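If you're wondering where the values come from, they're calculated on a predicted model, not measured in any experiment. Proteins get letters first, then strands, A, B, ... in listed order; numbering begins at 1 in each.
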Amino acid sequence: MSENAVRRLIAMFEAISAAVETEKDHLSELDGAIGDADHGTTMSLGFLAVKAELAKIDVDRAQPADVMATAAGAFLNAVGASTGPLYATAFRRAAQALAGANDLDLGTTAAMIDAIGSGIRERGKGQRGDKTMLDAWLPAADAAGAALTDNKASTEFWSEVVAAAEAGANATRSMVAAKGRAARVRERSLGHVDPGAASAVVVLRAMASVLS
Amino acid sequence: MALDTVMRLQKHDVASILANQTGEEKDQMTTRASSSRKGGANRGAAIDTSDAIPLRYGDDPYVWACWLYYEDGMTQGEIADAMGVSRATVNSYLAEAREKGIVQISLEPARLASLTIAQELKRHFGLTDCLVVPSDDNTRPLIDRLGVAAAQALPKLLKSGDTLAVAWGRTVLSVGEHTDIASLQDMTVVQATGGTTATFSYTPELCAAAIAQSVSARCVNITAPAIVKSSAMREMLLDEPLLQEQFETLGRANRVLFGISSLRPNSTIHASGFFESVSLQHYLAAGAIGVVAGRFIDERGRPVAGPLDDRTIGISLDMLRRIDTRILVAGGFDKVPALLAALRGGYANVLITDAATGHGILRADGVTSLDGRLSQKPKVTQTPSSYRTHVKKFLNNPNQVVEEMLDGVVRAHAGYLQPINGSNRALVARNGPRSGKVGLVIGGGTGHEPCFLGYVGKGLADAVAVGNIFSSPPPDPIVQCAAAASGGEGVLFVYGNYAGDVMNFEMAAEIAEEKGIKVRTVLTTDDIASSPVEDREGRRGVAGNFFIFKIAGAACDRGLPLEACEAVTRKANLRTYTVGVALEPCSMPQTRRHNFEIGPDDMEIGMGIHGEPGVTRERIKSADEITDSIMDNIFKEMKAVSGDRVAVLINSFGGTPMMELYLLFRRVAQRLDAKNIGIEANWIGHYCTSLDMVGASISILHLDQELTELLHHPCETAFLRIS
């Protein structure tokens, strides 16, 4: 059981890394409109480092929480900037949520998504509507919670989570950035999708592809 | 008047006219080089006119007629007499002159933009009417300008006998303060919501009273709280005959005037303190983006349900939408998402806002067709073959540029610093850290050299954490720096206030604390252009870092305890004022392209040190004028009096040469002299750069006795040595 969950989480990070590589230029382009055009590069660096570090893990002995903790450390040391601490804190909280879990049932998965969202919120001291990655992660976490309550099957669970994240990311188009470098350009951020929210959708889609 | 008629005449016409007119008239002329009027001249000559066309009109009756009509202000009849032709001929001259482009009628650009935006808003959202005030007039606060605009619009929107519902807020109160309509009769103004605490000036009662007075109306208040403790209490109150009567009046309203609040931290909803923050969090989590008359809506304008709904006494969103004329007055970028939501939800059919906000709403809703029409400059459609797209740089592998630079730095400045544990991403001062001394750790992204590593050495910073270009270092090297700098008395982190740096240094501080190293942090916030003074803590740290590091390093070197080091560093930060101006953008080594563009005649004020766009863009001015506007801003905040002393830093962003920096310093010194403020010390050069950006910043440290002593305290670093 545990081995299965660990392998699935590692496969999940591999899928995320592959998806980020595909979307890398697009993400940097989005960032160029309101930031410093490095978001795609940053995300790529981070998940490549996570992949490399996870390759060293002893899959027979490790727990799901170890995978998350390893990802947190690897992402942080590779990236810096603001994305580093945000996702590192997210994965660290996810590791806490997975502590003791041997199976990735939907309850655990929902707790993991919720931990990622709240980790990012705590570290970035942000909220919904700030035009950040939270505008994708928080609706995704809510959708996961709701799908769990409604006893949805895995496929439906994930399609609702991804749909909520996509809707949230699209909504950032009409927001004025309140955090980070984009906040300095004020109204110039209008009409642009937030690159952090866009990459959150990429990450969640990749998670869905492996876990659903 | 907004209409501004300009006669555009051909060169030879103008030359002959100029010979006969005063200088003042000359200024009003606009020339347009063209050969298109050739045919017109021939036709003009063919027309039988009086033989006395004055020489200056170049034998052209069109120009003559236009001049008399537009410049001399004669009537068509008078012109007919003067020219010896019929009035009908004059009329056709004038009409044809417009067709030929001899006369062009143009609107003042700012007015034109307002009208274009208003028209587009009206069309896009299907509004009954829309008024947009120009944004270029910054002489008065936006709220006042919106109040004046609404005051002009209200006489056209209100009729005698109307019942006008009035919501509350800063903008609505401003409308009341600026409106004065005497011609209306039998008006009723009714408060749209219950009452609030009177801890602010724009309560529902005061807003309704102000509007009632300005339109000579009878005022009906809702004599219940806007939010009550329970839904049971709400039911009981609404059952009261008095309140029923008041709500009946509200139900009869055929006009409503309201503003809108965003849910941003500085919004009315938060600032009024009237809404419980717990409930606000609930609405935020449910996707609320704005508040209309006390009711929460999401980004599509749909009502958001929440715990306050059945405790709120006031107009409902459905009641609001049923009113004939729904006048929304609001402006400001923070409100754009909320405004967009209100328009999408159909809550308003008359919008009064300013051009920048209106443009923002349209852009946020994906309307881009406007951008071309608003731009006054002709678009460059072709790139000449000689056009440069890449900047030349000394490079090997662009991805290795930071590592290669650090290798060079460590070799060049081996006398001052060395790597910690073999990594050049964490460097420690050779003779810096010692037992019993507070350690000073600084750091940030690269691309700012000699910041930050140039200030590591004895008497200044003990260690520096180095990130990628314009990007914070991760926590690990910062923790290594903290450990290397620690002398057992704690470590002080000093770095610029940027989201990425704050998060990484905060995480590093947590880890260092776990390792038993006490950490205190001072964020530098010297860039006074980056936020208004009320938001001083939100400002970013720029070249003034130089002074703040120097003071912190001296305090640490003198053996002061951690708390004292922190306190004096905070003081130095509060007394350091910087404004930067960029003339040309910088280019990143990886792309060798500019990371943003500045127009050929523009400069960007408030430029930070990460090459991110500045705060305002203006036409470039002379060195003295630029310096004056920077110093005016600094003097506004720095409470220096005659006899005070300051330290001055004129810093190049990388591409501006020393020659120009001395011009800036000259003017700074003149301005300080005029106020009898003495210059204790000055530095001119590259101290905190932004790669190859052309531009400079001026930093002033307002000294006192303690800061003066610390400024002169000896230090030995690669880029600052004081003995």
Of the listed residues ([options]), which shares the most heavy-atom pairs with chain A below a 4.5 Å separation?
options                                : value
B/Ile361, B/Val336, B/Leu340, B/Asn468 : B/Val336
B/Ala356, B/Pro475, B/Ala341, B/Gly366 : B/Pro475
B/Pro474, B/Gly287, B/Gly445           : B/Pro474

- Message: To the closest 0.5 Å, what do you measure between CZ (B/Arg425) and CG (B/Leu406)?
- Response: 6.0 Å

- Output the distance between atom CZ (B/Phe452) and atom OH (B/Tyr495), rounded to the nearest 0.5 Å. 11.5 Å

- Taking the side chain as C-beta and beyond, is there a heavy-atom pair between A/Asp135 and A/Met175 under 4.5 Å? yes

- Item | A/Phe47 and A/Phe75 aromatic ring geometry - parallel, tilted or perpendicular at 30°/60° bounds | perpendicular

Engaged part of [X] at the chain A interface, taking heavy atoms whose separation is under 4.5 Å:
X        : result
B/Asp365 : neither
B/Leu284 : both
B/Leu263 : backbone

Identify which part of [X] has an atom lying under 4.5 Å from any heavy atom of chain B, answering side chain, backbone, both or neither.
X        : result
A/Arg121 : neither
A/Leu76  : both
A/Asp142 : side chain

- Query: Could you go step by step and tell me if B/Asn497 and B/Thr525 meet the side-chain contact (heavy atoms from CB on, under 4.5 Å) rule?
  - Reply: CA-CA 6 Å; B/Asn497 184 26; B/Thr525 56; 3.9 Å; yes

- Donor-acceptor side-chain pairing of A/Glu21 and A/Ser44 below 3.5 angstrom: yes

- Report the C-alpha distance between B/Tyr498 and B/Phe470 in whole Å, list the side-chain angles of each, state the deciding distance to 0.1 Å, and finish with yes or no for ring pair (Phe, Tyr, Trp, His ring centres under 6.0 Å). CA-CA 11 Å; B/Tyr498 295 89; B/Phe470 294 166; 9.9 Å; no

